[in-house]
Amino acid sequence: MGARVLGQPYERRDGTLWCEGVPLEAIAAAAGTPAYVYSANALRERYRALDAVLAGVPHRIHYSLKANSSRGLLRVLRDAGCRADVVSGGELLRARRAGFAPDDIIFGGVGKTRAEIRAGIEAGVLLLNVESGAELEIVEEEAKALGVRARIAFRVNPEVHVANAHEFIATGSRGHKFGIPWGDVPAVAARALASPHVELAGLDMHVGSQLTSLEPYVDGVSRLAQLARDLQRQGAPLRYFDAGGGLPARYDAEEAPDLARFAQIVVPVAASLGLELIVEPGRFVVAESGALLTRVLYRKPSGGTDFVICDAGMSELLRPSHYDAYHAIEAVRPRGGTSMVDVVGPICETGDFLARDRAMDDARPGDLLAVRTTGAYGYVMALTYNTRPRAPEVLVDGTRWAVITRRETMDDLVRLEAETLEWTEG
Ligand code: LLP
């Protein structure tokens, strides 16, 4: 690691925090709080940096929509040249609405329904990633019914161990639910190669997320390459080698991911196999572009803990309570001094916190805080628990900003509830 740190879109000017050319106080005053803010130029910069290091081999960067799927943000990435990776019929719809062409979309996911598989084939996605023999059978049936040959890739479980990953974001080890179990691959491949309804065009893996050490890629890529060679020998018409996502974001004092080292691991392998390289980054592209703005409502010392109670909590950012994840929190306009506090939200859950035992800028009621590195897995994991509307999303581009997702209203929240009941006799 020890790589160049990409530009930080958030910086202090005259004692207050700005995103690019816009003061966060101005956004909070106009859009209210809580609110998610994203820097368009940080998105472009990360996409371009990754694109540049992969230049040695034909490649495609398919941004993983699961990290953040707002149309306004997707359009920035699409316009920069990025492609899309989706894991549900809903994400497929979002990618299409944001203007991604079907053959710029790959469709993965461990539990695709028959309807989702059909939608993917009908749309003509570049690759449908198959994760089991049972799923392959459904893909074959649906392709046959539609009278087409579906282009598929195998997502295999590379059975690579990732040290230091939170157990909930490790995905590529033996015994995880994701991917075709390593030992099952030959049988599933034999079936696919014999089928007139599918074309096995790619191999895919995802070794894990937030890979602060890139070494798991070394193991994963070499195992996937071996498999590619075996399948090529058996006549598989492979065209794509997909190394998955997992490049890390900087949440704290982590070193920046060494993109050059990443390229050294993946580029020569894809080149030697004669395959086009695919990567599926989510977090790396969007995490650092984002900040969550929240206003302090109360300060409450209780039983030895000093609580800063904010208008955002686990419903806006689940990562601290779900993964014990660290997100830096700073006062947008520090008043001077620090204090040791628990930063919590208004939700009726003791597990509702953004930070615990944190030494941070002293914050008082009315102060505006920025929770950093929230561009990935923030809004997309938002909850409406306690009937709290989801916060708006704002895109900053240079000296301009726009609401890309409006704040949910109370009407939005209750809209699906039946007013009069239409009973069906059982
Ligand atoms: N491709 C596949 C097949 C994946 O399973 C994932 C993430 C990605 C790509 C994108 O991974 P990334 O580049 O963002 O690491 N909610 C968790 C992260 C779950 C990631 C699951 N899979 C969190 O907030 O940390």
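Remember, it's 1-based here, ligands and their atoms both numbered in the order they're listed. Just so you know, residue 1 is the first one in the sequence shown, and it goes up from there. Scope of the values below: all heavy atoms of this structure, side chains included, with no hydrogens, waters or symmetry mates.
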inquiry  = Please determine whether salt bridge (charged side-chain N to carboxylate O under 4.0 Å, His left out) holds for the pair E330 and R372, giving the CA-CA distance in whole Å, both sets of side-chain angles, and the decisive distance to 0.1 Å.
reply    = CA-CA 8 Å; E330 53 192 308; R372 300 288 303 276; 2.6 Å; yes

message = Between E408 and R415, is the salt bridge (charged side-chain N to carboxylate O under 4.0 Å, His left out) condition met? List the steps.
response = CA-CA 11 Å; E408 202 162 31; R415 185 161 54 89; over 6 Å; no

key: salt bridge (charged side-chain N to carboxylate O under 4.0 Å, His left out) between E215 and R261, intermediate numbers included   = CA-CA 10 Å; E215 297 319 302; R261 167 83 184 121; 3.2 Å; yes

query = Given the rule in the salt bridge (charged side-chain N to carboxylate O under 4.0 Å, His left out) test, do R233 and D230 qualify, once you have shown the distances and angles that lead to the verdict?
reply = CA-CA 5 Å; R233 268 197 296 276; D230 289 351; 2.7 Å; yes

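The proximity of R283 to ligand 1, defined as any non-hydrogen pair under 4.0 Å, involves the side chain as well as the backbone. Contacts between E280 and ligand 1 below 4.0 angstrom, taking non-hydrogen atoms only, involve backbone and side chain alike.
A salt bridge is absent between R151 and D103; no separation between the charged side-chain nitrogens and carboxylate oxygens falls under 4.0 Å.
Of the listed options E131, R155, Q210, R155 places a heavy atom closest to atom 3 (C) of ligand 1. In this structure, of A249, P248, G378, G246, the residue bringing a heavy atom nearest to atom 12 (P) of ligand 1 is G246.
Listed by number with element, the atoms of ligand 1 under 4.0 angstrom from any heavy atom of S209 are 7 (C), 11 (O), 12 (P), 15 (O), 20 (C). Every atom of ligand 1 with a heavy atom of S64 under 4.0 Å away is listed here by number and element: 8 (C), 9 (C), 10 (C).
Checking only distances, G208 never comes within under 3.5 Å of ligand 1, N or O to N or O. Checking only distances, G282 does come within under 3.5 Å of ligand 1, N or O to N or O.
Look at Y323 and you'll find a heavy atom under 4.0 Å from some atom of ligand 1. Ligand 1 lies less than 4.0 angstrom from a heavy atom belonging to P281. At least one heavy atom of M381 lies less than 4.0 angstrom from ligand 1.
Between N68 and Y36, the side chains place no donor N or O within less than 3.5 Å of an acceptor N or O (distance only, hydrogens not considered). Judged by distance alone, the side chains of R283 and Y251 do bring a donor and an acceptor atom under 3.5 Å apart. Between the side chains of E20 and S39, at least one donor-acceptor pair of N or O atoms lies under 3.5 Å.
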